[in-house]
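Let me begin by presenting the structure, written as structure tokens, before commenting on it.
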Amino acid sequence: MVQDKSANTPSATPSANDSSDSGIEGIRAARLAKVAELKQAGMIPYAYSWDVTHPIADLQAKFADLEAGAEEDFEVSIAGRIMARRVFGKLAFFTLQDETGTIQLYLEKKTIQAQMGEANEQAFNHLKQLTDAGDIIGAIGTIKRTDKGELSVKVKQYAMLTKSLLPLPDKFHGLTDVAKRYRQRYVDLIVNPEVRETFRKRARITAAIRRHLDELGYLEVETPVLQSEPGGAEARPFVTYHNTLDMELYLRIATELHLKRMVVGGFEKVFELGRVFRNEGVSTRHNPEFTTIEMYQAYGDYQDMMALTEKMIEQIAEEVTGSSTVSYQQELVSFAAPWKRITMHEAVQEKTGIDFSQFTDLSAAQKAAKAAGIDNVDDCESVGHVLNEAFEQKVEETLRQPTFVIDYPIEISPLSKPHRSKPGLVERFELFIVGRETANGFSELTDPVDQRERLEIQAAKKASGDLEAVGLDEDFITALEYGMPPTVGMGIGIDRLVMVLTDSASIRDAIAFPLLKPEKSDSASSAS
RNA sequence: GGGUCGCUAGCUCAGUGGUAGAGCAUUCGGCUUUUAACCGACUGGUCCUGGGUUCGAAUCCCAGGCGACCCA
């Protein structure tokens, strides 16, 4: 191994094999013994750096046409994790993996001794005895395609860079236990290439959004996560506490109200891409912390924003997956614009036969809905709420291709501007993809008096115990009183978009570290 | 919140009342063209936790934990 010349002592050190235990503790002990042996032999088991000349994928591409058995006198230096070892008496093959891919190391005793022998005659033996699958090593050598056709680096010199103490999962079956995959995502990432690809795609999606909006002249801003009055959505917040101010604070449930303050302040195109927190249950479609982008454009309306949305997402789908048609869980989804637009009333009428726009009376709407097999209508406080129940129960799931549902009832849209020509409705759209709400946008309510009235209704609900109702944010109203230009806003659930574009069945597959309950409670297990 | 299923070696999994198993990994020996390398030998267990039934429990019963799926 590459080493400093000082300590070239024969390995009179503790052998790695005096543990009779091959369970996890035994493996750790054996590897710690190897760490000691490496040090004893003058090597550094946890190195400081390594000069890499080529990512592995570059080598695979550059020498793709090299014939079996051929060698190139082209010296490279690479680094990565040993994923598999195939060791013979005087020859060994390692599979080395870096971020870009894998390549085989061709490790010949003859060659390594010739190059490293003077420094360490034990170089090849150390390779066999002191390296394990999971270790991170650096290697310098030339390119060779073996007789069996595997592109390899014929190693002249190598060095341990990081000694791994824990065994990798089964090299063939990998790690499949989903709980373990989420709890130890680092192991999942090491052994499951498709998981790495998902998070690469996620990064490309957010980068593409930023690039797209930057080109359109949008400004990325950051607004508070800690708020004294969470608003902008109907959801229960997380509560936290500030010590020196001696006050409760809430983690934001949306970025909406602060972004609108930015618009009031004169920024005409703003967005924020960031984390919001909702104190809700966990499912394949919900994680308590998730990522949204909200964007606001002055002087535009919801038609403008729908046009922007379909164009942007179509472009992202093409960039990230290579096509505007993607396969999601065996279902083809086409992002080619323009997307279908249908009013909420039309959509519900299509599926239930009921025209809710004819109802002015709540009980008549409830009766009709019940007759159509719609549940939970008794608690509805308005025709609009009944319509929404009907939509959620009978329509939502059926919207597989990207679809804009437009013109929502005003009762369920406290921040939207009234529709310019349809009384009782607002200029709002929601985007559905594979049956899931993925985006939500509307012409923003700019009338401060109307806004105050609508938020007061919410505040009253909150006061009477509705935990999801939002409070009245006086400062937001004050901002509107200074005057907000006509504005359209929209939010996209980034995690759900990532799910569709990465073919992930669960939101947990699109979030690197999803929330999980601790595996074991440290507190006493005795019941009370 | 309800229902169904799962939890056994580091990993992937067998094992339905009678001494806890296999493959891979680990350890040891052999091997210069392997790639799920191979051959030989060995090692490795809180059978998720706690109760109960039983002469005897991974297995049956009860409660709990964590997870998956479905429903609300």
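Quick note: numbers below take in every heavy atom, side chains included, and nothing from hydrogens, waters or symmetry partners. Throughout, a chain's letter reflects where its sequence line sits, starting with A, and its residues are numbered from 1.
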Atom pairs and distances, side-chain donor-acceptor, residues 365-378 of chain A, under 3.5 Å, sequence neighbours left out:
residue, atom, partner, partner atom, Å
A:Gln366, NE2, A:Val377, O, 2.8
A:Lys370, NZ, A:Asp378, OD1, 2.8

[X] [atom1] to [N] [atom2]: how many Å, rounded?
X	N	atom1	atom2	answer
A:Leu175	B:rG67	CG	P	16 Å
A:Glu150	B:rU35	CD	P	11 Å
A:Ile82	B:rU35	CD1	P	18 Å
A:Asn125	B:rG29	CG	P	10 Å
A:Leu166	B:rC11	CG	C1'	13 Å
A:Lys144	B:rU35	NZ	P	16 Å
A:Glu37	B:rU27	CD	C1'	13 Å
A:Leu151	B:rU33	CG	C1'	15 Å

Quote, to the nearest angstrom, the [atom1] distance that separates [N] from [M].
N	M	atom1	answer
B:rA58	B:rA9	C1'	14 Å
B:rA22	B:rU43	C1'	15 Å
B:rC42	B:rG6	P	35 Å
B:rU16	B:rU59	P	12 Å
B:rU19	B:rG23	C1'	23 Å
B:rA63	B:rU26	C1'	38 Å
B:rG64	B:rC7	C1'	14 Å

Table of protein N/O atoms under 3.5 Å from nucleotides 3-9 of chain B N/O atoms:
none

Query raised in the report: Do A:Gln113 and A:Glu108 get their side chains close enough for a donor-acceptor pair, meaning under 3.5 Å?
Result: no

Check whether more than 12 heavy atoms from other residues, nucleotides or ligands sit under 6.0 Å from atom [atom1] of [X], and answer yes or no.
X	atom1	result
A:Glu381	CD	yes
A:Asp361	CG	yes
A:Lys201	NZ	yes

Report task. Not counting sequence neighbours, which residues clear salt bridge (Lys or Arg N to Asp or Glu O under 4.0 Å) with A:Glu397? List them please. Result ->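 With neighbours one apart ignored, the set is A:Arg400.
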
Any protein N or O atoms within reach of nucleotides 68-72 of chain B? Criterion: under 3.5 Å, listing atom names and distances.
residue, atom, partner, partner atom, Å
B:rA68, OP1, A:Arg508, NH1, 2.2
B:rA68, OP2, A:Arg508, NH1, 3.4

Tell me which donor-acceptor pairs under 3.5 Å the side chains of residues 182-195 of chain A have, and how far apart each pair is, sequence neighbours excluded?
residue, atom, partner, partner atom, Å
A:Tyr182, OH, A:Asp509, OD1, 2.9
A:Arg183, NH1, A:Lys517, O, 2.6
A:Arg183, NH2, A:Lys517, O, 3.2
A:Gln184, NE2, A:Tyr186, OH, 3.0
A:Arg185, NE, A:Ala512, O, 2.7
A:Arg185, NH1, A:Asp188, OD2, 2.9
A:Arg185, NH2, A:Arg508, O, 2.7
A:Arg185, NH2, A:Ile511, O, 2.8
A:Asp188, OD1, A:Arg181, NE, 2.9
A:Asp188, OD1, A:Asn192, ND2, 2.6
A:Asp188, OD2, A:Arg181, NE, 3.2
A:Asp188, OD2, A:Arg181, NH2, 3.3
A:Asn192, ND2, A:Leu175, O, 3.3

Pairing partner of [N] (Watson-Crick or G-U wobble, both distances under 3.5 Å):
N	value
B:rU12	B:rA22
B:rC7	B:rG65
B:rC42	none

Over all strands shown, is [X] touching base, sugar-phosphate only, or nothing at heavy-atom distances under 4.0 angstrom?
X	value
A:Arg183	sugar-phosphate
A:Lys154	nothing
A:Val191	nothing

Query raised in the report: Do A:Met344 and A:Asn388 come within less than 4.5 Å of each other through their side chains, counting heavy atoms only?
Result: yes

Requested in this report: State, yes or no, whether a side-chain contact exists between A:Ile253 and A:Phe238 at a heavy-atom distance under 4.5 Å.
Outcome: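 A side-chain contact is absent here, since even the closest heavy-atom pair is not under 4.5 Å.
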
**Report entry** Below 4.0 Å: OP1/OP2 of B:rC11 and any side-chain N or O of A:Lys180
**Finding:**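 Affirmative; the distance criterion is met.
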
Query raised in the report: Within less than 4.0 Å of OP1 or OP2 of B:rU27, is there a side-chain N or O belonging to A:Lys34?
Result: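 Indeed, a polar side-chain atom of A:Lys34 lies that close.
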
Query raised in the report: Who passes ring-ring contact (aromatic ring centres under 6.0 Å, His included) against A:Tyr106, sequence neighbours left out?
Result: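 For A:Tyr106, the residues satisfying ring-ring contact (aromatic ring centres under 6.0 Å, His included) (neighbours in sequence not counted) are A:Phe93.
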
Query - ring-ring contact (aromatic ring centres under 6.0 Å, His included) partners for A:Tyr408, two or more places apart - result: none

Report summary line: Quick note, salt bridge (charged side-chain N to carboxylate O under 4.0 Å, His left out) partners involving residues 123-145 of chain A, not counting sequence neighbours, are A:Arg31-A:Asp132, A:Lys34-A:Asp132, A:Glu71-A:Lys144, A:Asp132-A:Lys163, A:Asp135-A:Lys163

List, with names and distances, any nitrogen or oxygen atoms from the protein found under 3.5 Å away from nitrogen or oxygen atoms belonging to nucleotides 22-25 of chain B.
residue, atom, partner, partner atom, Å
B:rG23, N2, A:Asp170, OD2, 2.7
B:rA25, OP1, A:Lys171, NZ, 2.8

Scan the side chains in residues 432-441 of chain A for donor-acceptor partners under 3.5 Å anywhere in the protein, sequence neighbours excluded, and list what turns up.
residue, atom, partner, partner atom, Å
A:Arg436, NH1, A:Tyr328, OH, 3.0
A:Arg436, NH2, A:Tyr328, OH, 3.0
A:Thr438, OG1, A:Arg436, O, 3.0
A:Asn440, OD1, A:Arg428, NE, 3.1

Query raised in the report: Tell me the ring-ring contact (aromatic ring centres under 6.0 Å, His included) pairs involving residues 54-76 of chain A, sequence neighbours left out?
Result: A:His54-A:Phe74, A:Phe63-A:Phe74

**Report entry** Nearest-0.5 Å distance that lies between atom CG in A:Leu501 and atom CZ in A:Phe335
**Finding:** 5.0 Å

Requested in this report: Find the distance between CG (A:Asn287) and CZ (A:Arg496) and round it off to the nearest 0.5 Å.
Outcome: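 With rounding to 0.5 Å, CG (A:Asn287) is 11.0 Å from CZ (A:Arg496).
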
Query - Positions of residues 93-106 of chain A (non-hydrogen atom under 4.0 Å from RNA chain B), listed by number - result: A:Phe93, A:Gln104, A:Tyr106

Query - Contact nearer the 5' end of RNA chain B, comparing A:Asp177 with A:Gly149 - result: A:Asp177

**Report entry** Closest-nucleotide 5' rank along RNA chain B - winner of A:Gln184 and A:Ala84
**Finding:** A:Gln184

Requested in this report: State which of B:rU12, B:rG67, B:rU33 makes the closest approach to the side chain of A:Thr146.
Outcome: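 It is B:rU33.
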
